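Just so we're clear, the structure is a prediction, and the values are computed from it rather than from any experiment.
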Amino acid sequence: VQLQASGGGLVQAGGSLRLSCAASGRTFSSYAMGWFRQAPGKEREFVAVIGWSGGTKYYADSVKGRFTISRDNAKNTVYLQMNSLNPEDTAVYYCAAGLALSRATRVYDYWGQGTQVTVSS
């Protein structure tokens, strides 16, 4: 599975962005899809994950109520809608594919290249 993340950019605090992650391969619907982020000088952290059918979703406490993860298996794409952004959300955002629904980076087998999100105050 190859993953291509897009949709990052510069936005003012309080604004919104939608990230997309397009996957190649016919087995996309078999994978749980996660979003992670990494700010400068910090470890990569979990943001959200969605199960293969889209019925199960988990979020980090820091984004709960502001971010929404979704997927379209017909388009081999997973999305992250980010609302009410604040400067603490500034990071490189990565999508990842794994066979288990997990918050742990080590569980994920495939990673996208990352897309930069910058939120100005």
- Item | Residues forming a side chain to side chain contact (heavy atoms under 4.5 Å, CB included) with Ala22, sequence neighbours excluded | Thr77
- Task: Could you pull out all residues at least two apart from Thr27 that satisfy side-chain hydrogen bond (donor to acceptor under 3.5 Å, both in side chains)?
- Result: none
- Residues that Gln116 engages under side-chain hydrogen bond (donor to acceptor under 3.5 Å, both in side chains), provided they are two or more places apart: Thr118
- Do Leu17 and Leu85 have side-chain heavy atoms sitting under 4.5 Å apart? yes
Sequence neighbours excluded - salt bridge (charged side-chain N to carboxylate O under 4.0 Å, His left out) pairs with any residue from [range]:
range           : result
residues 71-80  : none
residues 3-21   : none
residues 99-121 : none

With a 4.5 Å cut-off on side-chain heavy-atom distances among I, L, V, M, F, W and Y, is there a chain of contacts connecting [X] to [Y]?
X      : Y      : answer
Leu101 : Tyr110 : no
Met33  : Leu99  : yes
Tyr94  : Phe28  : no

- Item | Partners passing ring pair (Phe, Tyr, Trp, His ring centres under 6.0 Å) against Tyr108 (at least two apart in sequence or in another chain) | Phe36
Closest approach of [X] to [Y] (non-hydrogen atoms, all atoms of both residues):
X      : Y      : answer
Thr105 : Trp111 : O-CZ2, 3.6 Å
Ser24  : Asn76  : C-ND2, 4.5 Å
Gly114 : Val92  : CA-CG1, 3.8 Å
Thr90  : Val119 : OG1-N, 2.9 Å

- List the steps and the verdict of side-chain contact (heavy atoms from CB on, under 4.5 Å) for Arg66 and Asp89. CA-CA 11 Å; Arg66 300 187 299 123; Asp89 295 316; 2.8 Å; yes
- Assess whether side-chain contact (heavy atoms from CB on, under 4.5 Å) is satisfied between Leu19 and Tyr79, documenting all intermediate values. CA-CA 6 Å; Leu19 305 184; Tyr79 305 97; over 6 Å; no
- Task: Quick one: which residue pairs count as a disulfide bond (SG atoms under 2.5 Å apart) with a foot in residues 19-65, not counting sequence neighbours?
- Result: Cys21-Cys95
- Message: Per the disulfide bond (SG atoms under 2.5 Å apart) rule, what does the pair list look like for residues 45-87, sequence neighbours excluded?
- Response: none
List the atom pairs, donor and acceptor, that lie under 3.5 Å between side-chain atoms in residues 45-61 and the rest of the protein, sequence neighbours left out.
unit_1: Glu45; atom_1: OE2; unit_2: Arg37; atom_2: NE; d: 2.6
unit_1: Glu45; atom_1: OE2; unit_2: Arg37; atom_2: NH2; d: 3.2
unit_1: Ser53; atom_1: OG; unit_2: Gly55; atom_2: N; d: 3.3
unit_1: Lys57; atom_1: NZ; unit_2: Ile69; atom_2: O; d: 3.2
unit_1: Tyr59; atom_1: OH; unit_2: Ile69; atom_2: N; d: 3.0
unit_1: Asp61; atom_1: OD1; unit_2: Lys64; atom_2: NZ; d: 3.2

- Message: Please evaluate residues Trp35 and Val63 with respect to the criterion side-chain contact (heavy atoms from CB on, under 4.5 Å), reporting the C-alpha separation (whole Å), side-chain torsions for both, the decisive distance (0.1 Å), and the verdict.
- Response: CA-CA 11 Å; Trp35 284 99; Val63 307; over 6 Å; no
Can you give each donor-acceptor pair under 3.5 Å made by side-chain atoms of residues 3-16, sequence neighbours left out, with the distance rounded to 0.1 Å?
unit_1: Ser16; atom_1: OG; unit_2: Asn83; atom_2: OD1; d: 2.9

